[in-house]
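Notes for the one structure printed next.
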Amino acid sequence: MDLKNNIPSGPLEQKWDRHRAELKLVNPANKRKFNVIVVGTGLAGASAAATLAELGYNVQAFTYHDSPRRAHSIAAQGGINAAKNYQNDGDSVWRLFYDTIKGGDFRAREANVYRLAQVSVNIIDQCVAQGVPFAREYGGYLANRSFGGAQVSRTFYARGQTGQQLLIGAYQALERQVGLGKVRMHTKKEMMDLVVVNGRARGIVTRDLTTGKIETHAADAVLLCTGGYGNVFYLSTNAKACNVTAAFRAHKRGALFGNPCYTQIHPTCIPVSGDYQSKLTLMSESLRNDGRIWVPKKRGDNRAPDQIPEDERDYYLERKYPSFGNLSPRDIASRAAKEACDDGRGVGPGGLGVYLDFADAIKRLGRKTIEDRYGNLFEMYERITGEDPYSVPMRIYPAVHYTMGGLWVDYDLMSNLPGLFVLGEANFSDHGANRLGASALMQGLADGYFVIPYTLGGYLAKGGLDTVYTDAPEFREAAAAAEQKVHTLLNINGKRTPASFHRELGKIMWDYCGMARNEAGLKTALKKIPELREEFWKNLTVPGSGEALNQTLEHATRVADFMEFAELMCVDALHRNESCGGHFREEYQDEGEAKRNDDDYTYVAAWEYTGDTAKPVLHKENLVFENVQLATRSYK
Amino acid sequence: MRLRLHIWRQAGPDAQGMLKTYDLDNVSEHMSFLEMLDVLNEQLMEKGEEPVAFDHDCREGICGTCGMVINGRPHGPLARTTACQLHMRTFKDGDEIYIEPWRATAFPVVRDLVVDRSSFDRIIQKGGFISVNTGNAQDGNAIPISKTDADRAMDAAACIGCGACVAACPNASAMLFTAAKIGHLASLPQGQAERFSRATNMVLQMDAEGFGSCTNHYECEAACPKGISAEWIAAMNRDFAKAAITSRD
């Protein structure tokens with residue numbers, strides 16, 4: 001297979017402009033003749049569906065939620081980056097581009113990242129126009145805060161609810177188009193499969209979660225905006241329903257999966273409290289602006305934090321990375337926390353926690369300022385833990401948060417399957433091996449508002465699309481397979497619940513393919529996963545029927561795909577004999593820092609499904625750096 | 001701790017519902033309320049019984065998916081807290097807990113504790129937006145907005161669309177939800193062009209969906225997990241009345 005990334009020629013700064021000028025256009029009167037399916041209504045999906053409908057396309061949007069506004073983009077707290085340079089502190093499109101490439105440990109495409117930095121400024125303007133209530137200074141101008149991995153202040157925010165406000169903005173734009181009849185919204189419908197006709201993506205199979213009805217939908221193009229797969233670990237900061245099914249089904253239909261092993265572990269989450277734990281809660285990275293992270297210097301020191309004198313505390317991030325300190329990138333901060341805890345200096349129950357302390361900031365700025373900045377986060381922390389972070393330092397621990405890997409796409413965000421576009425977290429494209437804070441919102445909206453409206457038109461204008469109908473054999477075959485999957489899951493009549501299997505799978509992944517990985521561990525995981533999968537298909541219990549709302553069945557269909565996908569992740573992690581960003585292989589390190597191998601691994605690993613999840617075929621897209629020098633990341 | 005739970009069970013929209021009683025042992029005070037229900041559901045499934053259906057997703061109090069009436073109060077006894085953020089340390093050993101779905105004509109029960117809230121989306125479709133196509137926008141700093149106005153807009157925009165306000169209201173009114181969106185956009189300069197048509201159209205849709213009217217009980221404000229003030233309802237009424245008098249449509 002020849003992987004064409006279709007990056008336009010010419011200087012980096014001109015690629016996107018030139019490409020837009022060269023892309024073919026669809027005549028305004030013809031746009032309504034094209035049907036587009038958008039799966040997922042988070043930032044990427046809602047913004048894409050709304051914008052394409054504004055342009056005149058016929059859009060059908062799908063979500064498994066009861067409303068598009070529930071998508072998990074809503075939970076992003078801290079902010080969204082943009083190279084506005086409103087602070088006059090040296091920011092520029094180039095600097096945002098460079099920070100993102102470097103933050104991603106030089107494993108992302110230059111051209112994509114540069115485009116992302118370019119359109120970042122338009123996103124802020126668009127959101128302001130929609131009425132997103134970004135924080136303002138007293139003079140009425142937009143306020144910024146700092147975020148990890150950057151030395152300029154370029155993050156725009158709406159209290160601690162930036163994701164919510166941006167999603168509501170996109171949701172409102174989407175509902176406007178629903179009201180105008182330009183988008184047909186399908187709620188409570190989950191994508192079960194992708195339909196490929198004559199080598200092109202031409203539709204999807206869905207299951208109505210309320211009635212159980214399996215339905216097929218045909219279109220000229222399919223956009224997957226279905227988020228990440230962090231829930232393969234069971235415990236993550238993702239919402240409970242987040243899953244890999246849509247992306248993995250597309251993979252099984254021929255779409256390549258890029259860099260599945262790149263997962264981000266977020267350093268500031270509330271630690272696990274018991275084995276009933278159903279999910280982990282993130283505390284925004286913005287807290288690291290004012291909070292100081294520390295552990296006791298002595299192992300097993302179980303004095304209360306206020307009883308530990310200053311000189312017996314190890315502010316390890318400030319010590320190891322003096323120039324970035326508590327604002328070191330996420331992968332580095334996470335590993336440093338793990339290191340401290342592995343060394344026996346962790347705090348709280350089980351020793352799996354470190355302190356995030358606001359005492360200094362409260363002394364310096366006053367409680368009122370801290371309340372203004374982080375009040376809602378402090379409240380959330382207190383509700384969950386029962387402790388008051390104004391008087392006792394927060395306890396935090398890293399948790400799975402985001403997945404940089406995803407379906408492989410070219411510069412136009414199209415996968416190797418023509419007509420299948422992948423946006424937002426579901427694609428692999430912009431964050432390399434590690435994503436910087438406040439960049440996920442930026443990418444989701446960049447893809448939906450400002451990239452896909454151009455590149456989709458370019459694809460459709462090329463023509464060659466015959467009309468397809470849902471009675472075509474490809475649709476009937478895919479629908480029958482979905483029916484069969486549901487039928488099988490309901491009739492195993494075993495003993496264990498989907499949650500029990502999911503938890504066990506998650507534990508395998510966390511232990512062997514989590515924050516640190518090694519060859520022996522990954523091989524163990526590759527042995528354990530198929531065994532667990534076999535038990536899943538023999539010993540699962542799903543009470544109830546397939547003809548009504550059945551949340552256990554929904555969970556089972558998702559866990560079934562995680563069971564296969566987990567193997568692909570481990571295969572990828574095992575093959576990448578280097579450490580980079582969120583992928584830390586213990587064998588490859590330099591005094592605890594990730595050691596890349598640029599000679600052998602400066603490529604995107606794009607995996608092809610072969611029918612056996614343990615034996616995918618590797619395709620390499622070499623990453624070419626023409627504008628930046630590959631350097632060892634240093635935040636010291 | 002040991003709890004006795006009385007939970008509304010209803011097999012489908014047209015089925016007869018009833019409260020069923022379950023005893024649950026070894027509940028940890030650190031569990032969230034939904035984790036407590038997870039544990040119950042796992043036990044039910046192991047016995048071959050159907051678990052209790054309830055809506056939930058982010059479990060961080062922001063998506064607005066979860067919602068149930070706990071001992072007569074939407075989202076339970078803790079102020080400004082969604083059901084997913086309610087933790088069992090709020091309860092004590094031996095407590096009896098009654099758990100029911102939102103009850104409102106405009107929120108029909110789908111199953112057990114799950115209700116259909118699509119009426120909220122249809123209210124938004126009638127005007128809960130600013131009509132700006134992608135690409136039209138000028139520079140974000142071209143419209144200075146005082147911090148006070150931005151903060152006020154944010155206070156209203158914090159609504160998570162969970163429906164607790166409707167469940168709490170004796171009239172099952174959606175005034176707080178509708179007013180929060182109208183208030184958010186009316187607080188900003190960008191929202192002025194459509195301000196009065198928005199108020200009219202959204203309020204009419206709210207009525208058409210079968211929500212009741214406000215008779216000033218303020219139960220909505222008390223139940224709102226985001227603490228949205230009932231003052232927004234007064235502001236909405238003002239815009240609605242003004243629109244009726246001044247409309248040129």
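Each chain gets a letter, A, B and so on, in the order its sequence line appears, and its residues count up from 1. Heavy atoms only: backbone and side chains are in, while hydrogens, waters and symmetry mates are out.
Proximity to chain B (any heavy atom under 4.5 Å) is shown, for Thr51(A), by both the backbone and the side chain. Residue contact with chain B, scored on non-hydrogen atoms closer than 4.5 Å, is absent for Leu445(A). For chain B, the nearby part of Gln165(A) is the side chain; its heavy atoms alone come within less than 4.5 Å. Only the backbone of Glu49(B) comes within less than 4.5 Å of a heavy atom in chain A; its side chain stays farther off. Glu382(A) touches chain B through its backbone: at least one of N, CA, C or O sits under 4.5 Å from a heavy atom, while the side chain does not. Only the side chain of Asp38(B) comes within less than 4.5 Å of a heavy atom of chain A; its backbone N, CA, C and O stay farther away. Interface remark: Val27(B) contributes no atoms to any contact with chain A (heavy atom separation under 4.5 Å). Both the backbone and the side chain of Asp66(A) come within contact range of chain B, with heavy atoms under 4.5 Å apart. Both the backbone and the side chain of Val132(B) have a heavy atom closer than 4.5 Å to some heavy atom of chain A. Contacts of Tyr86(A) with chain B are made by side-chain atoms alone, with heavy-atom separations under 4.5 Å and no backbone atom involved. Only the backbone of Thr385(A) comes within contact range of chain B, with heavy atoms under 4.5 Å apart. For a residue to count as touching a neighbouring chain, one of its non-hydrogen atoms must lie under 4.5 Å from one of that chain's; by this rule Ile168(A) touches chain B with the side chain only. Proximity to chain A is limited to the side chain of Gln190(B), based on heavy atoms less than 4.5 angstrom apart. The parts of Gln130(A) that come within reach of chain B are both its backbone and its side chain, each placing non-hydrogen atoms under 4.5 angstrom from that chain.
Contact record, Arg69(A) with Cys159(B): NH2-O, 3.2 Å, taken as the closest heavy-atom pair. Listed here is the closest heavy atom pair of Met45(B) and Thr497(A): CB-CG2, 3.7 Å. Nearest heavy atoms, Gln138(B) versus Asp125(A): O-CB, 3.2 Å. Scanning both residues, Asn141(B) and Leu142(A), for their nearest heavy atoms gives OD1-N, 2.9 Å. Contact between His30(B) and Tyr276(A) at its shortest, heavy atoms only, is CB-OH, 3.2 Å. Contact between Pro133(A) and His184(B) at its shortest, heavy atoms only, is CD-NE2, 3.8 Å.
Met31(B) is not listed as a side-chain neighbour of Gln277(A), based on a closest heavy-atom distance of 4.5 Å or more. Counting only heavy atoms from C-beta outward, the side chains of Thr187(A) and Ser118(B) never approach each other to under 4.5 Å. In this structure the side chain of Arg111(B) never reaches within 4.5 angstrom of the side chain of Asn550(A), judged on heavy atoms.
Counting heavy-atom pairs closer than 4.5 Å to chain B, the top residue among Lys188(A), Arg176(A), Glu137(A) is Arg176(A). For the set Arg159(A), Gln161(A), Arg496(A), Lys495(A), the count of heavy-atom pairs under 4.5 angstrom toward chain B peaks at Arg159(A). Of the listed residues (Ile384(A), Leu174(A), Val178(A), Thr552(A)), the greatest number of heavy-atom pairs within a distance under 4.5 Å of chain B belongs to Ile384(A).
Sparse packing is recorded around OH of Tyr454(A), with 12 or fewer heavy atoms of other residues, nucleotides or ligands lying under 6.0 Å away. Arg9(B) CZ: more than 12 foreign heavy atoms inside a 6.0 Å radius. The number of heavy atoms from other shown groups lying within 6.0 Å of NZ (Lys182(A)) is above 12. Enclosure of atom CG in Asp25(B) by more than 12 non-hydrogen atoms of other residues, nucleotides or ligands within 6.0 angstrom is indicated. Heavy-atom neighbours of Arg73(B) CZ from other residues, nucleotides or ligands within 6.0 Å: at or below the threshold of 12. Residue Arg122(B) places its CZ atom among more than 12 non-hydrogen atoms of other residues, nucleotides or ligands, all under 6.0 Å distant.
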request  = Evaluate the side-chain hydrogen bond (donor to acceptor under 3.5 Å, both in side chains) criterion for residues Asp57(B) and His72(A): first the C-alpha distance (whole Å), next the side-chain angles of each, then the deciding distance (0.1 Å), finally the verdict.
outcome  = CA-CA 8 Å; Asp57(B) 199 29; His72(A) 196 54; 5.4 Å; no
inquiry  = Working note: Lys279(A) + Glu60(B), criterion salt bridge (charged side-chain N to carboxylate O under 4.0 Å, His left out); need CA distance, chi angles, decisive distance, verdict.
reply    = CA-CA 9 Å; Lys279(A) 77 152 278 168; Glu60(B) 295 181 18; 2.7 Å; yes
request  = Any chance you could lay out the side-chain contact (heavy atoms from CB on, under 4.5 Å) test for His56(B) and Lys240(A), step after step, and finish with the verdict?
outcome  = CA-CA 8 Å; His56(B) 64 97; Lys240(A) 291 297 286 176; 3.7 Å; yes
request  = Report the C-alpha distance between Arg117(B) and Ser67(A) in whole Å, list the side-chain angles of each, state the deciding distance to 0.1 Å, and finish with yes or no for side-chain hydrogen bond (donor to acceptor under 3.5 Å, both in side chains).
outcome  = CA-CA 8 Å; Arg117(B) 288 170 290 195; Ser67(A) 162; over 6 Å; no
request  = List the steps and the verdict of side-chain hydrogen bond (donor to acceptor under 3.5 Å, both in side chains) for Ser278(A) and Arg59(B).
outcome  = CA-CA 9 Å; Ser278(A) 61; Arg59(B) 299 203 176 191; 2.8 Å; yes
inquiry  = For Tyr171(A) and Ile124(B): C-alpha separation, side-chain torsions, deciding distance, then whether side-chain contact (heavy atoms from CB on, under 4.5 Å) applies.
reply    = CA-CA 9 Å; Tyr171(A) 156 77; Ile124(B) 298 294; 3.5 Å; yes
inquiry  = I'd like to know whether Met380(A) forms a side-chain contact (heavy atoms from CB on, under 4.5 Å) with Gln85(B), so could you lay out the CA-CA distance, the side-chain angles of the two residues, the decisive distance to 0.1 Å, and finally the verdict.
reply    = CA-CA 8 Å; Met380(A) 189 199 275; Gln85(B) 295 286 285; 3.4 Å; yes
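Classification of Lys84(A) and Asp139(B) as a salt-bridged pair holds, one side-chain N sitting under 4.0 Å from a carboxylate O. Ion pairing between Arg70(A) and Asp55(B) fails under the 4.0 Å rule for side-chain N and carboxylate O.
Using modelled atom types, one finds a donor on one side chain and an acceptor on the other under 3.5 Å when comparing Thr134(B) with Glu54(A). If you check the side chains of Asn376(A) and Arg80(B), you find no donor sitting under 3.5 Å from an acceptor.
Side-chain atoms of Glu175(A) never come within 3.5 Å of backbone atoms of Gly128(B) as a donor-acceptor pair (strictly under, hydrogens ignored). The backbone N or O of Ala158(B) lies less than 3.5 Å from a partner atom in the side chain of Gln164(A), making a donor-acceptor pair.
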